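Below: the structure, in structure tokens.
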Amino acid sequence: MSKNALLHIGLAIADQVVKSPYGALVMLALFFLGVGIQARNRTCAYVGAVVLVLLMTQA
């Protein structure tokens, strides 16, 4: 699968997530989780993970 096709799939998924009621918070939590993992910053990764868990318990 080409990078272009993966980009289109990722954008389509992101579009659906943003349109959901908690979409912006999910994207923010995923951002914090991803940045925390890449930077090896536990606090940032924990914030993202906790927000995701809290959103999942409300759904």
Side-chain angles (χ1 to χ4, degrees):
M1 199 177 262
S2 69
K3 288 182 181 180
N4 198 14
L6 289 175
L7 178 64
H8 284 295
I9 292 170
L11 288 175
I13 292 170
D15 184 48
Q16 291 299 315
V17 168
V18 169
K19 288 181 182 178
S20 72
Y22 301 109
L25 285 174
V26 170
M27 295 301 284
L28 185 65
L30 288 173
F31 172 76
F32 275 118
L33 186 61
V35 168
I37 291 171
Q38 285 291 325
R40 296 178 191 243
N41 184 341
R42 287 185 180 179
T43 304
C44 191
Y46 286 156
V47 167
V50 167
V51 171
L52 280 175
V53 168
L54 289 174
L55 289 172
M56 286 191 305
T57 58
Q58 287 183 353

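From a predicted model like this one, the values you see are computed outputs, not experimental measurements. For this chain, numbers begin at 1 and follow the sequence in order.
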hydrophobic_cluster_shared for Ile13 and Tyr22, side chain cutoff 4.5 Å: yes

Is Tyr46 reachable from Val35 through a run of hydrophobic residues whose side-chain heavy atoms are each under 4.5 Å from the next?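 In one cluster with Val35: Tyr46, no.
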
Look up atom CD in Gln16 and atom CG in Leu11, then write down how far apart they are to the nearest 0.5 Å. 12.0 Å

Rounded to the nearest 0.5 Å, the CG atom of Asn41 sits from the CZ atom of Phe32 at a distance of 10.5 Å

Minimum heavy-atom distance Ile37-Ala45, with the two atoms named: N-CB, 4.2 Å

Of the non-hydrogen atoms in Leu25 and Val51, which two are nearest, and what is the gap between them?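 The answer is O-CG1, 4.3 Å.
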
Any non-hydrogen side-chain atom of Leu30 less than 4.5 Å from a side-chain atom of Leu52? yes

